Amino acid sequence: MKKLTDSVQCLSGVGPKRVEVLAKLGIETVEDLLTYYPFRYDDIQTKELTEIADQEKVVLKGLVLSDAVVSHYGYRKSRLSFRMMQDHAVINVTFFNQNFLKNKINVSEEIAVYGKWDAKRKSLTGMKILGGKESEIDFAPIYHVTKQMRQTTLVDLIRLAFVEYGELIAEWLPTKLLKQYNLMARRPAVEMMHFPPDQRMSQLARRRLIYEEFFEFQLKLQQLRQQERDVNEGQALLYDVNRLKNFTQTLPFELTNAQKKVTNDICRDMRSSNHMLRLLQGDVGSGKTVVAAIALYATVSAGHQGALMVPTEILAEQHLASLNELFDPLEVKVALLTGSTKAKERRQILSELADGRLDIIVGTHALIQEEVIFHQLGLVITDEQHRFGVNQRKILREKGLNPDVLFMTATPIPRTLAITAYGEMDVSVIDELPAGRIPIETRWVRPPQFEAVIEWLNKELQAGNQAYVICPLIEESETLDVKNATEIYEHLQEQYQEKFEVGLLHGKMKASEKDAIMAEFKENRCQVLVSTTVIEVGVNVPNATVMIIMDADRFGLAQLHQLRGRVGRGKKASHCILVANPKSDVGAARMKIMTETNDGFVLSQKDLEMRGPGEVFGAKQSGLPEFSVGDIVADFAIMEAARQDAAAIWQVPDWWQLSEYALLKQKLFNEETTNTWFD
Ligand SMILES: Nc1ncnc2c1ncn2[C@@H]1O[C@H](COP(=O)(O)OP(=O)(O)OP(=O)(O)O)[C@@H](O)[C@H]1O
C-alpha cells in the first residue's frame with residue numbers, strides 16, 4: 001500500500017543517484033517532496049514599458065523587426081541580438097551564449113521574451129523565449145535547488161509525486177476553521193503551491209498552508225502548557241501573607257501599579273498547586289529586581305528555598321547586594337555561588353543548601369553543577385534567560401520537585417516573537433516606570449565631536465554626576481577590545497587628571513578586579529567608568545547619569561537600549577551620547593531611531609524588522625522554530641489567530657474525544673515525530 005512516508009525511490013525514474021541529490025535538499029520521502037514548496041514565484045506577466053522598473057525581470061511581447069545576428073567573442077562566448085517592437089517602441093534584445101535560439105526568431109512574427117529590462121538603454125537582456133502552455137509561463141514557481149537538481153527536473157518529480165500520491169494528501173484542519181477563514185482544502189493547496197495558474201491561487205494556497213503550519217505549532221505549544229499544568233503537578237507554596245505584606249511595607253518606595261499587578265500574578269501562581277511557568281518582561285529600569293525579591297521572600301516564608309540564576313558574576317554580586325539590603329539577614333539567609341567562589345566557602349554553601357540552612361542562592365552557571373543539591377527548592381528565577389540554553393534552565397529546575405519557574409527578561413520581546421518563542425508560558429509585563437523618572441535624552445554625534453563631548457562631560461561630573469563610557473566588543477580580537485577601551489581610559493585619565501577618578505573594566509580582568517572597580521564606581525569613588533560591554537545587563541548605579549557609547553553602530557538596537565538603560569535610573573535627568581560614523585544606511589537608521597524613542601518595545605519591534613528575529617534575542621540560537629512557509633514577522637496576524645484557535649481547542653475538556661476533531665487528533669498524536677522545538 002502506498003504511503004506518503006514512502007521513500008522517493010518509490011517514484012518511477014528515481015534511482016539511487018537522484019535519492020542522494022534529493023537528500024541534500026532534505027527530501028527523503030514523497031511527503032517531503034510534495035511539501036518542498038517554492039520559496040518565491042516569478043511573476044512574469046507582460047507589462048507596459050512605462051511600468052517597468054530598471055533591472056526588473058519582465059516578459060515583453062511584440063513583433064520581431066530584424067533577423068537575429070550572432071557574434072562570437074572571447075573563449076566560446078556568443079551574443080545574439082535582434083530588434084522587436086512593443087507598443088510602438090523599438091527594443092533591442094540580447095541573449096548571451098544561447099545562439100541556438102536563432103531559428104526561433106522570425107521577422108514579423110509575434111514573440112514573447114523573458115528577461116531583464118535596462119530602462120536607460122531601452123533594451124532587454126533575454127533569459128528565455130516563451131512559448132508553449134501560457135499558464136506555466138506567466139507565473140513560475142522558483143525552488144531552492146542545487147547544481148545536480150535543476151528547477152525543471154524538480155518540478156517534473158513533484159508532478160509525478162502528485163499524480164501517484166496526490167490522493168493521499170488528507171485534510172486535518174477542523175471543518176469549522178476551514179469555513180471560518182475560508183481556507184483552501186489541503187490537497188488543492190499543496191497542488192496550487194506547485195502549479196498555480198496565477199498569483200491569486202498561489203496566495204490562497206500559501207495562506208492555507210501558513211495557517212496550518214502555525215496552527216500545528218501552537219497546538220503543540222498549548223499541549224506543552226497543558227502538560228506543565230496538569231501532569232506535572234507543582235507544589236503549592238503556602239506563603240505567609242502577613243509576613244509578605246509587612247515585607248512590602250518596608251520597601252524604600254511604593255510599588256508601581258504594574259509591579260503590584262505582576263507580583264499578584266506571580267503570588268497567585270505560587271500559591272496554587274499548578275506549576276508556574278511565567279515570563280516577566282519589563283523594560284530596562286522598570287523594577288524587576290524587587291518583584292523577584294518579593295517572590296523569593298514568599299517562597300522562603302513558605303518554608304522553601306529559592307534560586308536566582310543570572311548570566312554574569314557582576315550581576316550576581318549586584319543581586320546579592322540588593323537582596324541583602326531588602327531582607328532582614330536574621331530572617332532570610334542569602335548566599336552567592338559563582339565560578340570564583342573559593343573552595344572552602346563553596347563547600348560551606350553547598351552543605352548549607354543541602355540541609356536547608358540557606359534560604360536563597362544567587363549565582364551564575366555555577367548553580368547548575370551536579371554537586372549543587374537543594375533541601376527543598378520551591379522557586380527558580382532566571383534573569384536574562386535567553387542567555388542560558390534551554391538545557392541549562394532545565395537542569396536547575398530538575399534540582400527540585402517541579403519548582404515554580406519565573407523567567408525575567410529586560411529585552412522587551414515584541415508580541416510577534418513572544419507568542420512564538422514563549423507561547424507555552426504565561427506572560428506578565430511591567431509596562432510602567434517608577435514615578436519621577438525623567439526620560440533620557442539621546443544624542444548622536446560623529447567621532448570628531450568626541451572631544452567636545454568630553455568637555456561637556458566635565459560639567460556633568462562637576463555637578464556630581466557619574467558616567468559610563470562603553471567601547472564595543474570586537475569579535476575577532478579580544479585584545480583589540482581591551483586596547484580600544486584602554487586607549488580611551490588613558491585619554492580620559494589624562495583629561496581629568498586629579499579632578500576625577502577614571503576606572504577601567506573589561507572581560508579579561510579577574511573577577512575580583514572587576515568587583516573592586518564596580519564597587520568603587522557604586523560608591524562614587526570613581527566618577528567615570530570606561531568599560532567593554534561586560535556591564536551591559538542589569539547594572540544599577542542610580543547616580544550615573546551619562547552613558548557614552550563609542551562606535552555605537554556596532555551594536556544592535558536591543559543592546560543599545562540595554563546600555564542606555566544603565567542611566568536614567570534615579571530622579572536626575574540623564575543623557576546618552578552615541579558616538580558613531582555608521583558605514584551603512586541601516587546603521588544610520590539605528591542611530592536615528594535611538595534618538596527618537598526610549599520605548600524598549602518600539603525598539604525591539606524595529607530591531608525585529610531591521611535585523612530579523614534571531615538578533616532580537618542577541619544570540620543566534622534564539623530557540624525560535626523555523627517554519628517552511630510562514631514568516632513569523634510578516635504573517636504575524638495568522639500566528640495570532642492560530643494561537644487563539646489552538647488555545648480554544650485545548651480549553652475544551654478531552655477535545656480529542658470529539659468527532660469534529662478526529663482528524664486533528666490523528667495528526668497530533670499519531671505522528672512519530674520527535675518534538676524538536678522543545679527539547
Ligand atoms: N516602585 C519603585 N519606585 C521607585 N524606584 C523603584 C521602584 N521599583 C524599583 N525602583 C528602583 O529603580 C531602579 C531600577 O530597578 P531594577 O534594578 O529592579 O530594574 P530592572 O527592571 O531590573 O532593570 P534592568 O533590567 O535595567 O536591570 C532601582 O534603583 C530600584 O531601586
Side-chain angles (χ1 to χ4, degrees), residues 247-264 266 278-297 308-327 362 381-387 406-413 427-440 465-466 468 470 518 521-524 531 533-545 547 549 557-572 574 576 598-601 603-604 617-618:
F247 173 61
T248 47
Q249 271 157 13
T250 62
L251 292 173
F253 40 71
E254 201 193 340
L255 294 179
T256 61
N257 286 332
Q259 283 170 322
K260 284 182 192 158
K261 188 180 168 302
V262 302
T263 308
N264 283 337
I266 294 167
R278 188 173 280 280
L279 174 70
L280 173 59
Q281 287 201 55
D283 208 343
V284 286
S286 60
K288 291 179 290 295
T289 315
V290 68
V291 174
I294 297 172
L296 288 167
Y297 190 88
L308 173 58
M309 183 159 77
V310 300
T312 65
E313 294 197 3
I314 289 189
L315 209 52
E317 295 264 358
Q318 181 180 292
H319 279 308
L320 175 81
S322 317
L323 293 180
N324 275 333
E325 222 170 274
L326 294 170
F327 299 148
V362 181
I381 304 182
T382 59
D383 192 2
E384 294 301 318
Q385 48 102 13
H386 58 272
R387 295 183 170 231
L406 180 69
F407 298 112
M408 301 204 293
T409 164
T411 303
I413 303 163
V427 178
S428 295
V429 180
I430 308 185
D431 50 6
E432 178 186 11
L433 292 178
R437 296 272 174 86
I438 304 170
I440 305 164
N465 299 326
Q466 289 170 274
Y468 298 95
I470 304 296
M518 245 358 262
F521 189 67
K522 270 203 157 159
E523 289 157 21
N524 201 357
S531 169
T533 43
V534 281
I535 66 140
E536 181 193 334
V537 280
V539 172
N540 187 38
V541 182
N543 192 48
T545 61
M547 166 62 64
I549 307 175
L557 283 176
Q559 222 182 344
L560 286 171
H561 183 60
Q562 266 299 321
L563 287 168
R564 175 169 64 184
R566 295 313 104 212
V567 298
R569 299 174 80 86
K571 290 204 155 87
K572 294 199 233 175
S574 296
C576 173
N598 272 319
D599 184 328
F601 281 92
L603 287 168
S604 64
F617 293 94

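Every number for a ligand or one of its atoms is a count from 1 in the order of the listing. No experiment lies behind these values; they were computed from the predicted model shown. Scope of the values below: all heavy atoms of this structure, side chains included, with no hydrogens, waters or symmetry mates.
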K.L.:
Counting heavy atoms not belonging to Lys261, are there more than 12 under 6.0 Å from its NZ?
P.N.:
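Open: at most 12 neighbouring heavy atoms sit under 6.0 Å from NZ of Lys261.
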
K.L.:
Have a look at Gln281, Lys288, Arg569 and point out the one with the heavy atom closest to atom 17 (O) of ligand 1.
P.N.:
Arg569

K.L.:
Relative to the heavy atoms of Leu255, which atoms of ligand 1 are at a distance of less than 4.0 Å?
P.N.:
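Answer for ligand 1: 1 (N).
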
K.L.:
With atoms numbered from 1 as shown, which atoms in ligand 1 lie under 4.0 angstrom from a non-hydrogen atom of Glu254?
P.N.:
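Listed by number with element: 1 (N), 2 (C), 3 (N).
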
K.L.:
Checking the N or O distance criterion of under 3.5 Å, is ligand 1 in contact with Gly287?
P.N.:
yes

K.L.:
Find the distance between OH (Tyr297) and CG (Leu323) and round it off to the nearest 0.5 Å.
P.N.:
12.5 Å

K.L.:
Please evaluate residues Arg437 and Glu432 with respect to the criterion salt bridge (Lys or Arg N to Asp or Glu O under 4.0 Å), reporting the C-alpha separation (whole Å), side-chain torsions for both, the decisive distance (0.1 Å), and the verdict.
P.N.:
CA-CA 11 Å; Arg437 296 272 174 86; Glu432 178 186 11; over 6 Å; no

K.L.:
Any heavy atom of Arg566 closer to ligand 1 than 4.0 angstrom?
P.N.:
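Flag set, Arg566 near ligand 1.
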
K.L.:
Show the numbers, then the answer: is there a side-chain contact (heavy atoms from CB on, under 4.5 Å) between Ile470 and Met547?
P.N.:
CA-CA 8 Å; Ile470 304 296; Met547 166 62 64; 3.4 Å; yes

K.L.:
Considering Asp383, Leu315, Asn540, Asp283 one by one, which has a heavy atom nearer to atom 28 (C) of ligand 1 than any of the others?
P.N.:
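The residue whose heavy atom sits nearest atom 28 (C) of ligand 1 is Asn540.
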
K.L.:
Quick check on Arg437 - does any of its heavy atoms sit under 4.0 Å from an atom of ligand 1?
P.N.:
yes

K.L.:
Counting heavy atoms only, which part of Thr256 comes closer than 4.0 Å to ligand 1: side chain, backbone, both or neither?
P.N.:
both

K.L.:
Under 4.0 Å from a heavy atom of Gly285: give me the atoms of ligand 1 that qualify, with their elements.
P.N.:
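Near Gly285, the atoms of ligand 1 are 14 (C), 19 (O), 20 (P), 21 (O), 23 (O), 24 (P), 26 (O).
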
K.L.:
Using every non-hydrogen atom in the two residues, find where Gly600 and Asp283 come nearest and quote the distance to one decimal.
P.N.:
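For Gly600 versus Asp283, the nearest heavy atoms are N-OD2, 2.9 Å.
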
K.L.:
How about Lys260: does its NZ atom have over 12 heavy atoms from other parts shown lying under 6.0 Å from it?
P.N.:
yes

K.L.:
Applying side-chain contact (heavy atoms from CB on, under 4.5 Å), run through Leu280 and Ile381 and close with a yes or a no.
P.N.:
CA-CA 10 Å; Leu280 173 59; Ile381 304 182; over 6 Å; no

K.L.:
Counting each atom of ligand 1 from 1 as listed, which ones have a heavy atom of Thr289 under 4.0 Å away?
P.N.:
16 (P), 17 (O), 18 (O), 22 (O)

